[in-house]
Amino acid sequence: NSTTNFSAGKMVGTRLYLPAAGYRDGSDGTLFERGIAGYYWSSTENAISSAWGLKVENTLLGTNSFLRTNGFSVRCIKM
């Protein structure tokens, strides 16, 4: 769970690993939660200023609405 590398993350199934890359704050670009949680955008808007995203932690995998000004990771997944 070191914040100096990307060994922290969550395995989803047997073929998808989502690193705990954290996110960039939309107001000043500060990096938060690296090594603790991963934030990933979906392709679905929720409102003019927000969109749906996925938050991944050790024991948590869930969706929420986040401000679109935040810098989240994008992971393309073939369905």
Side-chain angles (χ1 to χ4, degrees):
N1 290 331
S2 171
T3 59
T4 60
N5 63 42
F6 288 101
S7 63
K10 181 154 184 77
M11 193 73 181
V12 180
T14 60
R15 301 180 77 192
L16 177 63
Y17 180 74
L18 297 173
Y23 71 95
R24 294 268 181 198
D25 182 70
S27 62
D28 64 5
T30 302
L31 181 60
F32 287 100
E33 297 192 27
R34 182 171 178 223
I36 298 169
Y39 292 81
Y40 296 87
W41 286 122
S42 78
S43 60
T44 307
E45 289 181 298
N46 184 40
I48 291 172
S49 62
S50 63
W52 290 101
L54 176 69
K55 181 178 180 182
V56 179
E57 288 185 77
N58 256 353
T59 59
L60 172 73
L61 180 67
T63 58
N64 205 343
S65 179
F66 299 96
L67 290 176
R68 291 170 35 185
T69 55
N70 289 319
F72 289 6
S73 299
V74 175
R75 174 81 82 200
C76 297
I77 300 172
K78 180 180 178 184
M79 300 302 273

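In what follows, every heavy atom counts, from backbone to side chain, and hydrogens, waters and symmetry copies are set aside. All values derive from a computational prediction rather than experimental measurement.
- Checked against side-chain contact (heavy atoms from CB on, under 4.5 Å), Ser43 has no partners two or more places apart in sequence or in another chain.
- A search for side-chain contact (heavy atoms from CB on, under 4.5 Å) contacts involving Ser50 returns Asn46, Ala47, Ser65, not counting sequence neighbours.
- Contacts of Tyr23 classified as ring pair (Phe, Tyr, Trp, His ring centres under 6.0 Å), with partners at least two apart in sequence or in another chain: Phe32, Tyr39, Phe72.
- Residues that satisfy the side chain to side chain donor-acceptor pair (under 3.5 Å) test with Ser27, not counting sequence neighbours, are Asp25.
- In terms of the side chain to side chain donor-acceptor pair (under 3.5 Å) criterion, Asn64 has no residue partners (sequence neighbours excluded).
- Every salt bridge (Lys or Arg N to Asp or Glu O under 4.0 Å) that Arg68 has, sequence neighbours left out, goes to Glu45.
- Pairing each heavy atom of Leu54 with each of Phe66, the nearest pair is N-CE1, 4.5 Å.
- Within the structure, no pair that satisfies the salt bridge (charged side-chain N to carboxylate O under 4.0 Å, His left out) test touches residues 12-24, not counting sequence neighbours.
- Summarising the geometry, atom CH2 belonging to Trp41 is positioned 11.5 Å from atom CH2 belonging to Trp52; distances are rounded to the nearest 0.5 Å.
- Applying the side-chain contact (heavy atoms from CB on, under 4.5 Å) criterion to Thr69, with sequence neighbours excluded, gives Leu67.
- Residues passing the side chain to side chain donor-acceptor pair (under 3.5 Å) test with Thr44: none are found, sequence neighbours excluded.
- Scored by the side-chain contact (heavy atoms from CB on, under 4.5 Å) test, Leu60 finds Lys55, Glu57 as partners (sequence neighbours excluded).
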